[in-house]
Structure formats: structure tokens, C-alpha cells
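Contents: one structure, followed by commentary.
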Amino acid sequence: MITDKLKKGHLLIAEPSLIGDLSFNRSVILLADHNKEGSIGFIINKPLKYTINDLIPEIEARFKIYNGGPVEQDNLYFIHNIPDLIPNSVEISNGIYWGGDFESTKELINTGLIGKNNIRFFLGYTGWEEKQLENEMEDNSWIITKNSYENKIIGKSPTHFWKEQLMELGGDYLIWSNAPENPYSN
């Protein structure tokens, strides 16, 4: 049953058939929460052209901002692997945490105690209402995998991350991993 496979901390890999959807084409999503009311995740492989300093000038760092998803893109979210430094964060799984005290976070970044391999910022998130993600799974829109990187996924380069995930799946996905992003322009 699909619901049993969906767990926070798992990765959702966009099926190669998700062509033309700008938000989700070739996306890898970290599932931050999943329960009977719905699901929330962050696209972890779609960097934007902004840095945290562009959005919040008092943060003296050039950490990339990622497109977390199409919901609430005017809000900033973050995941991290340092709960002992950031109070009020919520564990997703495997040493990955979501949110926490932002004022402390800003100060810790400015003093150099938080580096780019400890935190990832997102504009927006990906959200599904009750049973919506399960329906998308039944329509073969997503592949579910465990997050084998655990909390090191935060420092993982987004370049070719979707392709790497398909290559790890093997089989027919190996062919898709080498396909152009838009097969119609081939």
C-alpha cells in the first residue's frame, strides 16, 4: 500500500513522464511531513538565482536559495542538521530538522557557526491535501526512495541530482537518466 511507503524523510523523485511541469519536472523532494491530513515537502534540487543575503541583507552569507515548491513562495523556510544550535526545530528524520528560531539562526550564520553544509533555505514548499499525494503515486508521478544521504543531503550538490537518483534506481531508468530535459527539442 502506497500510504505505508510514504514517510517523512523519504525522497520523492519525479517520474521522467512529468514533462512540462516547471515546478516538478526533474525534481527531487524531501518529504518533511506526511500524515492523514496531507503532506509537505521541499524540492531540494532547484536552486534559484538568489542568495540568503539578497533576501535578508543582515545575513552576511551567500548561501543559495532553493525553489521549495509552488506553495507560499513569498515565505522563507529552512532545513538543517544542527538542532543543538537552532532551538525550536522539528526533526524530519535521520538528523534533518525543519525550521527553528530564526533570530538565532541569523546570528549563528553571521558568526560562522553555521555553514552551507548545515542549512538549506527555500522559497515556498510543496504541499498536498489529504490523499492527493497518494493519488499522484497511483498515477505514477513519483518514485519513493529512502534518503540514503541522511542529514548530509543538505550539502549535496543539486547539479544532476535527479539524474543520479534515476541511475541508482537502474533498469529502465538508466535510459531516462540520459534523456534531454525536453525530449521534444532532441
Side-chain angles (χ1 to χ4, degrees), residues 8-14 18 20-34 38-128 133 142 145 147-166 180-182:
K8 64 183 193 170
H10 282 184
L11 300 178
L12 299 175
I13 303 164
L18 267 177
D21 186 319
L22 294 177
S23 291
F24 300 119
N25 182 32
R26 295 185 178 219
S27 290
V28 179
I29 297 174
L30 174 66
L31 198 57
D33 195 12
H34 176 74
S39 305
I40 294 174
F42 298 104
I43 302 171
I44 58 173
N45 66 321
K46 302 260 179 158
L48 297 169
K49 294 181 181 181
Y50 309 109
T51 68
I52 191 66
N53 180 257
D54 294 330
L55 299 180
I56 304 174
E58 62 266 22
I59 296 181
E60 300 163 8
R62 298 276 176 208
F63 301 161
K64 286 184 182 271
I65 303 289
Y66 289 77
N67 176 1
V71 182
E72 294 187 16
Q73 288 199 320
D74 55 345
N75 285 332
L76 187 68
Y77 300 91
F78 63 98
I79 61 172
H80 59 88
N81 57 14
I82 43 173
D84 50 324
L85 295 178
I86 301 176
N88 303 319
S89 52
V90 176
E91 185 170 25
I92 295 172
S93 73
N94 298 317
I96 303 171
Y97 292 78
W98 175 10
D101 183 74
F102 194 65
E103 292 304 315
S104 298
T105 303
K106 288 192 305 189
E107 186 178 318
L108 292 164
I109 291 171
N110 286 338
T111 59
L113 292 174
I114 296 178
K116 67 179 181 174
N117 291 331
N118 301 119
I119 196 164
R120 188 167 286 195
F121 291 96
F122 304 94
L123 280 177
Y125 67 89
T126 303
W128 295 269
L133 182 54
W142 303 101
T145 65
N147 172 13
S148 61
Y149 305 97
E150 297 184 346
N151 68 5
K152 291 176 181 54
I153 199 166
I154 292 169
K156 184 85 174 113
S157 170
T159 309
H160 308 294
F161 192 57
W162 179 82
K163 178 179 179 170
E164 291 168 12
Q165 294 301 300
L166 288 187
E181 187 163 345
N182 184 349

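These figures come from a predicted structure and were not determined experimentally.
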Would you say the side chains of N81 and N118 form a donor-acceptor pair under 3.5 Å? yes
Between Y125 and Q73, do the side chains contain a donor N or O and an acceptor N or O under 3.5 Å apart? no
Could you check whether any side-chain N or O of [X] sits under 3.5 Å from a backbone N or O of [Y], counting only pairs where one atom can act as donor and the other as acceptor?
X	Y	answer
S27	I13	no
W162	A14	yes
H80	I86	no
R120	I79	no

Any side-chain heavy atom of [X] within less than 4.5 Å of one from [Y]?
X	Y	answer
L76	I65	yes
N94	N151	no
I44	F161	yes
T126	V71	no
L55	L123	yes
E72	Y77	yes

Do other residues, nucleotides or ligands put more than 12 heavy atoms under 6.0 Å from E91 CD? yes
Could you tell me which non-hydrogen atom of [X] sits nearest to which non-hydrogen atom of [Y], and how far apart they are?
X	Y	result
N45	P158	CA-CB, 3.7 Å
I109	A61	CG2-CB, 3.6 Å
Y97	P83	CE1-CG, 3.3 Å
P70	F24	CD-CZ, 3.7 Å

State yes or no: are the ring centers of F78 and W98 separated by less than 6.0 Å? no
Taking the ring centre of each residue, are F42 and F122 less than 6.0 Å apart? yes
Start with the C-alpha distance between E164 and K156, add both sets of side-chain angles, then the distance that settles salt bridge (Lys or Arg N to Asp or Glu O under 4.0 Å), and finish with yes or no. CA-CA 11 Å; E164 291 168 12; K156 184 85 174 113; 3.0 Å; yes
Under the rule for side chain to side chain donor-acceptor pair (under 3.5 Å), what residues qualify as partners of N110, not counting sequence neighbours? none
Applying side chain to side chain contact (heavy atoms under 4.5 Å, CB included) to F102 and I56, what does each step give before you reach the verdict? CA-CA 12 Å; F102 194 65; I56 304 174; 3.4 Å; yes
Under the salt bridge (Lys or Arg N to Asp or Glu O under 4.0 Å) rule, collect the residues that match up with K8, sequence neighbours excluded. none
Worked check of side chain to side chain contact (heavy atoms under 4.5 Å, CB included) between K106 and E58: CA-CA 8 Å; K106 288 192 305 189; E58 62 266 22; 3.3 Å; yes
Partners meeting side-chain contact (heavy atoms from CB on, under 4.5 Å) with N147 (sequence neighbours left out): L11, L30, I96, Y149, I153
What distance separates I119 CD1 from I114 CD1, expressed to the nearest 0.5 Å? 5.0 Å
Roughly how far, to the nearest 0.5 Å, is NE2 of H160 from CD of Q165? 14.0 Å
Please determine whether side chain to side chain contact (heavy atoms under 4.5 Å, CB included) holds for the pair L31 and S39, giving the CA-CA distance in whole Å, both sets of side-chain angles, and the decisive distance to 0.1 Å. CA-CA 7 Å; L31 198 57; S39 305; 4.0 Å; yes
Apply side chain to side chain contact (heavy atoms under 4.5 Å, CB included) to F63 and N53, showing your working. CA-CA 8 Å; F63 301 161; N53 180 257; over 6 Å; no
